[in-house]
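Structure record follows, encoded as structure tokens.
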Amino acid sequence: GNSVTQMEGPVTLSEEAFLTINCTYTATGYPSLFWYVQYPGEGLQLLLKATKADDKGSNKGFEATYRKETTSFHLEKGSVQVSDSAVYFCALSQGGSEKLVFGKGMKLTVNP
Amino acid sequence: NAGVTQTPKFQVLKTGQSMTLQCAQDMNHNSMYWYRQDPGMGLRLIYYSASEGTTDKGEVPNGYNVSRLNKREFSLRLESAAPSQTSVYFCASSSGEAGRGEQYFGPGTRLTVT
């Protein structure tokens, strides 16, 4: 079945550090890929998405590129801020369905 | 715009008690979902409803029932709560347009079963 594997952390970075969160997936065909973010005490919200190979999703300085050859969708940001402290989830959907399969999430803490 | 609302925000139950978690969305979405979030497990789908009048089991449906009351509301019922159901529960909705994939989440209900 479909699955998502991502770095679990927790990870602590200093402000302005570079961030990479690895995400790989297992699926047949061509899933859509997503990064969701959960700020403390809140529900999840969509950060970015890509629906086909080589697409790049971007939002709020974060980027991720859909790499079919490596079945990956790694999240990157060049300079993190304290306000980026949150839990980040990689997810996929497939087959015209809107049901999502989530990775386990990674908690990021950014210190000033 | 309220988006997805959930009640209650917190609840403590004793083993064997029942309760219903309420969820409503005001975005005219067709699809609605119930997830549970446990440490180290990510989010797991309990039940979903692709449209008004339909419901289907997700990954972890045992011990739960759902009702899609109308297009806006989707409730989750625990008939006989167990400590293993201690979790944070999230409701979500989506437009139902295939391929979009964006789900909108409520703020969650933190449930403790003692």
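Please read these numbers as outputs of a predicted model, since none were measured by experiment. Chain A is the first sequence line, chain B the second, and so forth, proteins listed ahead of strands; every chain is numbered from 1.
- B:Thr55 and B:Arg68 share no side-chain donor-acceptor pair at under 3.5 Å.
- Remark: A:Asp54 does not engage A:Lys68 in a salt bridge, criterion side-chain N to carboxylate O under 4.0 Å.
- For B:Leu45, the part sitting under 4.5 Å from any heavy atom of chain A is the side chain, from C-beta outward, and nothing else.
- Ion pair B:Asp26/B:Arg72 not flagged as a salt bridge, since none of the NZ, NE, NH1 or NH2 atoms sits closer than 4.0 Å to an Asp/Glu carboxylate oxygen.
- With a threshold of 4.5 angstrom between heavy atoms, A:Gln38 approaches chain B through side-chain atoms but not through N, CA, C or O.
- Looking at B:Gln6, there are no atoms closer than 4.5 Å to chain A (heavy atoms on both sides), in backbone or side chain.
- Aromatic ring centroids of B:Tyr35 and B:Phe105 lie under 6.0 Å apart.
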